[in-house]
Amino acid sequence: PLEMSAKKPVPFLRQVVPVRKKVQRDPRFDDLSGEYKPEIFMKTYSFLDSIKKQEKEMVQKQLKKCKNVEQKEKLQRLLNRMTQQEQAQKKQQKLRERELALKRQQRELAKQGKKPFFLKKSEKRKLELAEKYAELKRSGKLESFLSKKRKRNAIKDKRHLPSQKNL
């Protein structure tokens, strides 16, 4: 055993054999886990989409059968969260597909011998907005969307105007 000093008091639980401390590692930042590629991740875990769909259907059935108000509210919140997650995933997928299409287009231009041209963030945003408007026009919800936007902007403008009591 390790020889201890007589000048200071011996601790109650003395460590005779040093214990190796477990090193916890976070797979998000560790090189051992490899590089994150969303395309590969989506392909690998695509089976989860079908499971989520089944769970959503099950929650909808429970919601119809449920009579308890609190339970019904809880299930409604869960269903809303599920639909929001689904919509966010679809939106992300669309964004990824758009980026891939732009990359393919640039590769084609490079093969033809032209200099590649990369869009700025602002230009990407403009294209995204134009696509959103086209989608709203197709679904027939453009007018309601624009009216809501006008109202929001009017409220913002009113906030910046001096109030009556300050005059």
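Note that the numbering runs from 1 along the sequence shown for the chain. These values consider heavy atoms only, across backbone and side chains, with no hydrogens, waters or symmetry-generated copies.
In this structure, Asp31 places its CG atom where only 12 or fewer heavy-atom neighbours from other residues, nucleotides or ligands lie under 6.0 Å away. No more than 12 heavy atoms of other residues, nucleotides or ligands lie within 6.0 Å of CD in Glu70, so this atom counts as exposed by the packing criterion.
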- Chi angles and distances behind the side chain to side chain contact (heavy atoms under 4.5 Å, CB included) call for Thr83, Lys56: CA-CA 8 Å; Thr83 51; Lys56 189 178 173 185; 3.1 Å; yes
Item to check | Derivation and outcome, side chain to side chain contact (heavy atoms under 4.5 Å, CB included), residues Lys120 and Arg125 | outcome: CA-CA 9 Å; Lys120 293 183 216 168; Arg125 224 177 283 130; over 6 Å; no
Applying side chain to side chain contact (heavy atoms under 4.5 Å, CB included) to Gln89 and Asp49, what does each step give before you reach the verdict? CA-CA 10 Å; Gln89 193 176 9; Asp49 293 335; 3.4 Å; yes
query: Is there a side chain to side chain contact (heavy atoms under 4.5 Å, CB included) between Leu109 and Gln112 once you walk through the steps?
result: CA-CA 5 Å; Leu109 289 173; Gln112 292 172 8; 4.1 Å; yes
- Task: Walk me through it: do Glu131 and Lys94 pass the test salt bridge (charged side-chain N to carboxylate O under 4.0 Å, His left out)?
- Result: CA-CA 11 Å; Glu131 197 173 295; Lys94 266 188 178 179; 5.3 Å; no
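At least one side-chain heavy atom of Cys66 sits under 4.5 Å from a side-chain heavy atom of Leu75. For the pair Gln62/Gln71, no side-chain contact is recorded, criterion being any heavy-atom separation below 4.5 Å from C-beta on.
A salt bridge does not link Lys53 with Glu86: none of the charged nitrogens is closer than 4.0 Å to a carboxylate oxygen. Comment: Glu135 engages Arg138 in a salt bridge, judged by a side-chain N to carboxylate O separation of less than 4.0 angstrom.
Atom OG of residue Ser33 and atom CZ of residue Arg28 lie 11.0 Å apart, to the nearest 0.5 angstrom. Taking CD of Glu55 as the start and CG of Leu78 as the end, the distance is 8.5 Å to the nearest 0.5 Å. With rounding to the nearest 0.5 Å, the separation of CE in Met42 from CD in Gln93 is 5.0 Å. Annotation: the span from Glu123 atom CD to Phe118 atom CZ amounts to 13.0 Å, rounded to 0.5 Å. Interatomic distance, Lys37 NZ to Glu39 CD, rounded to the nearest 0.5 Å: 8.5 Å. To the nearest 0.5 Å, the span separating CD1 on Ile51 from OH on Tyr45 amounts to 12.0 Å.
For the residue pair Leu63 and Lys72, the shortest heavy atom distance occurs at CD1-O, 3.4 Å.
Side-chain atoms of Gln106 come within 3.5 Å of backbone atoms of Phe117 as a donor-acceptor pair (strictly under, hydrogens ignored).
In the hydrophobic clustering of ILVMFWY residues, with side-chain heavy atoms under 4.5 Å counting as a link, Leu48 and Val59 come out apart. Taken together through direct or relayed side-chain contacts under 4.5 Å among Ile, Leu, Val, Met, Phe, Trp and Tyr, Leu142 and Leu129 form part of one hydrophobic cluster.
The only option from Glu99, Gln92, Glu97, Lys91 that meets the side-chain contact (heavy atoms from CB on, under 4.5 Å) definition with Leu95 turns out to be Glu99.
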